[in-house]
2 protein chains.
Amino acid sequence: MKTPLKIGELATHCGVALETIRYYEKIGLLPLPHRAANGYRVYGTAHIEQLAFIRHCRALDMPLSDIAALQQFADEPSGDCGEIDSLIETHLARVHERLASLQNLERQLLNLRAACTSGRCVQECGILHELTAAAQGDGCVCHSQTPVSN
Amino acid sequence: MKTPLKIGELATHCGVALETIRYYEKIGLLPLPHRAANGYRVYGTAHIEQLAFIRHCRALDMPLSDIAALQQFADEPSGDCGEIDSLIETHLARVHERLASLQNLERQLLNLRAACTSGRCVQECGILHELTAAAQGDGCVCHSQTPVSN
DNA sequence: AAAAACCCTATAGCCACTTTAGGGTCAAGC
DNA sequence: GCTTGACCCTAAAGTGGCTATAGGGTTTTT
Ligand SMILES: [Zn+2]
Ligand SMILES: [Zn+2]
Ligand SMILES: [Zn+2]
Ligand SMILES: [Zn+2]
């Protein structure tokens, strides 16, 4: 593993778009890199590891604010790790909740798909009928709930 | 069910924030309402039904572009419903995919949570160790993958 | 020497909203 | 009649996590 790296090399190495690296820098998630004489960013081992850490956490779908917090904690090795643990706990709860609502969603969509049985015609499309009927009916959660998203 | 409604009443009735209604209007998802003499928006039955339809579809996590397309199709009742069906099919596939990656995510996070066994100290936190080790190791998908999100 | 590949900055766009700023309108109570 | 509060209006900016575009400079390859 050769160092130092230019931004494109770092991007390739970590499997990240290079705009993403500049974005992380801009929001202060990655520290400012050295600059070569021509103004090009120059990255060393610490940067590489830090970016890998960020990407791993992102692959776990942690928000950037959580990742920033984790990095803060890591910089104070003698502190209490309870906050780290509860950060993960909270994130897990988020994921669990999303998972449950997505499972629910999938069931509904499977039913919906099955509703278009006969016609090819929009007027007779069971899917559209189901959708409009459910929207008007009061059995559905959608009347008191915000969308899933995230 | 009394009509006509002012925007706040419509919002309450449909369980939507009223800014959301104005937003739907602005992007052309909801048609322009009538206006009272004082400039207030005034909604009738058609609007109520249409907003309920949108919210139901949103509760199924459909993107607004899909919902707009559905409304277009509904306006041409003699057309072929194949596009409706495949729109749902595509959406279901999206949901299914997200579901799979969230399930995977939950497993990883459960493991991660279990890693903080002994210390209270950041230096010894198993979670942090796991995270940094995994980020550096090459077994993880994060090196060649984009984050989950949505 | 020219072309391709890489780097730079600054800005706008994506989605589906939410928030903010700065007002106007209307019904109720004193 | 006058204040208080609840409601309504517009326009613009902010959210998250990027991605894309415009308009340039540099370096490497051919
Ligand atoms: Zn990883
Ligand atoms: Zn159909
Ligand atoms: Zn519904
Ligand atoms: Zn711990």
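Per chain, numbering begins at 1; letters A, B, ... match sequence-line order. What's counted below: heavy atoms across the whole structure, side chains too, no hydrogens, waters or symmetry copies.
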Length of the CG-C1' vector between L64(B) and dC14(C), whole Å: 12 Å
Distance below 4.0 Å between R41(B) side-chain N/O and dC8(D) OP1 or OP2: no
Whole angstrom value for the distance that separates P of dG16(D) from CE of M62(A): 17 Å
Short side-chain N/O contact from Y24(B) to OP1 or OP2 of dC17(C), under 4.0 Å: yes
E9(B) side chain to K6(B) backbone, donor-acceptor under 3.5 Å: yes
Touch class at under 4.0 angstrom, heavy-atom based, for I7(B) against every strand present: sugar-phosphate
Atom-to-atom span, CD1 of I54(B) to P of dA16(C) - whole angstrom: 12 Å
Sugar-phosphate, base or nothing in reach of L18(A), heavy atoms under 4.0 Å: sugar-phosphate
N/O (side chain, R35(A)) to phosphate O (OP1/OP2, dT9(C)) under 4.0 Å: yes
Side-chain N or O of S65(B) closer than 4.0 Å to phosphate OP1/OP2 of dC15(C): no
Atom-to-atom span, CD1 of I67(B) to P of dC15(C) - whole angstrom: 13 Å
Rounded distance in Å - CG (L5(B)) to C1' (dC7(D)): 15 Å
T20(B) side-chain N/O to dA16(C) phosphate OP1/OP2 under 4.0 Å: no
Check: dG24(C) base within 3.5 Å donor-acceptor of Y40(B) side chain: yes
Donor-acceptor under 3.5 Å (Q136(B) side chain, A133(B) main chain): no
Residue pair I48(A), H13(A): steps toward the side chain to side chain contact (heavy atoms under 4.5 Å, CB included) verdict: CA-CA 8 Å; I48(A) 300 172; H13(A) 179 74; 3.6 Å; yes
N or O in side chain of N38(A) less than 4.0 angstrom from dC8(C) OP1/OP2: no
Nucleotide dT15(D), atom P - distance to OH of Y23(B) in whole Å: 17 Å
H91(A) side-chain N/O to L60(A) backbone N/O, donor-acceptor pair under 3.5 Å: yes
Whichever of G39(B) and P63(A) has its nearest DNA chain D nucleotide further upstream toward 5': G39(B)
Sidechain N-carboxylate O distance under 4.0 Å for D66(B), R94(B): yes
For atom CZ of R58(A) and atom P of dC18(D), their distance in whole Å: 4 Å
Side-chain N or O of R22(A) closer than 4.0 Å to phosphate OP1/OP2 of dT9(C): no
Separation of dA12(D) P from E19(B) CD (nearest whole Å): 17 Å
